[in-house]
Amino acid sequence: MAHGTSIQYDPVAEIGGGAYGTVYKARDIESGQFVALKSVHVRTDQNGLPVSTVREVALLKRLEQFDHPNVVRLMDVCATKGANQETKVTLVFEHVDQDLKTYLEKAPAPGLSPDPCTVLLITHLNPCSQDLMKQLLCGLAFLHSNRVMHRDLKPENILVTSQGQVKLADFGLARIYSCHMALTPVVVTLWYRPPEVLLQSSYATPVDIWSTGCIFAEMFRRKPLFCGESEMDQLGKIFEVIGLPPEEEWPTDVTLSRKNFPTLTARPITDFVPEINEHGAQLLLKMLTFDPLNRISALNALEHEYFRDEATSTQTKS
Amino acid sequence: MSHVQLSTTLERLVARKTFPLQRRTGVCRNLFGPVDHDELNREMKEKLREISERDQQRWNFNFEANTPLDGDYEWEVVTADKTPVFYQDSVQDGKIRVPVQSPPDSALPESPRADALDRLAVPESSSSPCAGEINQENRTDKINSGKATTRQLPCVRRKRTAAPDNNTHITDFYVKRKRPADIKPSDMTACLLSKSPIQVEQTPRKRIR
């Protein structure tokens, strides 16, 4: 990498160039399993792939060996040398038909779907949210224990199989993305972002717990909890629910002052998530805690009373 | 004693003057003879070809040409609206967008560069007044649901007064960032070579709308 400083890069527009808006999907004739290809275009120089990319692929492969039920299967990683200083890394993933966003959107149509889980959602909200949450947290606890943060957890990145199995996707690769991120304008949703990220403070694995809390609430509400239009607006919407945090909790390493926000006191979470039960509300508040250090961890969340209610509900599928 | 010390110091000084190169190169000595770079290159290329061939055979897919081949996997092309957003290529992924030069409500930029970038990002958008509307993520209301659903979200972007439908899409709230066309190479090398991941993991700061 020592020669890196002399490298001239081509314009960003020349990255990629495959067929737009399509995905290659295949069925294994023997097993009947579906796979799909996802290509990541990586800038390269005479030294080949950036070390960070190689490291990232190695990490993904290592995680794969654990075969965690709540993480999307990565079957293979194939690199091909593309045109002008670009390497196409094609990731072969198992294909899951829908993500949580679609899943939740489909749920409100009563009686139309034969999917038992969907029916449960309509008639009896708690058991299904409980099962989905448990699986989501299991996947997250696995990633966190392997020192991987997702950083962009949202319903679109959570796959739900037809059997109701939750599979986290789009983690890890974030590193590969991040290289692009510095090069290209990034368009990301703010709705699942925790305060520390919005405030540009330092962050770690608790970011994913905040996002999980937002998704938890959305499972009941069927619509996002905080839909801010800007970082400021997003923070404002958050404080309308959890209240303006006390001065001593405000991070010291940020430029945005607490004084920019009106003094708001926390409102009962059930005002915003009326269908949630008592234990669910307790857990939700522990996830939507302003101070990342006081936010519950994935492992502790799994131990929460909420998951002990109605113990008959489905276990984490494997 | 002092004489001995003096002599060793002198010796060292003399050695440095006599063999300055040896001192600088330290342990970097050529122990196994010169490297045949051509041979190494050939071997590497051969190895890479083997790996590519194995990949191609395993998945009966030509990754280079991006075309399926005959074999155990029955490949099909599915449109983005029929599959989770996650599977879409990263450049086309909603997360990565090439610069949009103007706010989504105004006409598309006319500069050739921005034009090219725009086509890459949202190829169907050339006739549309609102680039943001065409993004794949906006189509999630169609994904696998069979019919379009009207979603009532609590907050509708104020700007979109002349919206063709009352669906509020997640991308309506996305932050659009642009990057100057003349990106300094040093910026990018900094990203690629950065030893600290924190630097590149920072949250996008600027918001242009």
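Chain letters run A, B, ... following the sequence lines, proteins first, then strands; residues in each count from 1. Computed over heavy atoms, backbone and side chain alike; hydrogens, waters and symmetry mates excluded.
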A/K88 side, atom NZ; B/N66 side, atom CG - distance, nearest 0.5 Å: 4.0 Å
Smallest heavy-atom separation, B/P84 atom then A/H95 atom, equals CD-NE2, 4.2 Å
Nearest 0.5 Å, what's the CD-CG distance between B/E74 and A/D28? 9.5 Å
Among A/V77, A/I29, A/V23, single out the residue with the greatest number of heavy-atom pairs under 4.5 Å to chain B. A/V23
What part of A/L159 lies closer than 4.5 angstrom to a heavy atom of chain B: side chain, backbone, both or neither? side chain
Report the distance from atom CZ of A/F34 to atom CD of B/E76, rounding to the nearest 0.5 Å. 6.5 Å
Output, in order, the C-alpha distance, side-chain angles, deciding distance and verdict of side chain to side chain contact (heavy atoms under 4.5 Å, CB included) for B/W59 and A/V92. CA-CA 9 Å; B/W59 299 105; A/V92 187; 3.6 Å; yes
When you look at CE of A/M232, are more than 12 heavy atoms from neighbouring residues, nucleotides or ligands closer to it than 6.0 Å? yes
B/W75 side chain reached by A/V35 side chain, heavy atoms, under 4.5 Å: yes
Take atom CG of A/D271 as the centre, draw a 6.0 Å sphere, and report whether it contains more than 12 heavy atoms from other residues, nucleotides or ligands. yes
Can you confirm if the aromatic rings of B/Y87 and A/Y24 lie within a centre distance of less than 6.0 Å? no
Might you point out which heavy atoms bring B/V85 and A/D99 nearest each other, and give the distance in Å? N-OD2, 3.9 Å
So SG of A/C78 and CG of B/N62: to nearest 0.5 Å the spacing works out to 11.0 Å
Spacing of CZ belonging to B/R54 relative to CG belonging to A/D76, to within rounding of 0.5 Å: 7.5 Å
Is it the backbone or the side chain of B/R58 that comes under 4.5 Å from a heavy atom of chain A, or both, or neither? side chain
Give the member of A/Q33, A/Q234, A/E94 that has the highest number of heavy-atom pairs under 4.5 Å with chain B. A/E94
Using non-hydrogen atoms and a 4.5 Å limit, figure out which bit of A/V96 sits close to chain B: side chain, backbone, both or neither. both
If we only count heavy atoms from C-beta on, is the B/F86 to A/K38 side-chain gap below 4.5 Å? yes
Nearest-0.5 Å distance that lies between atom CD in B/E64 and atom OG1 in A/T90: 10.5 Å
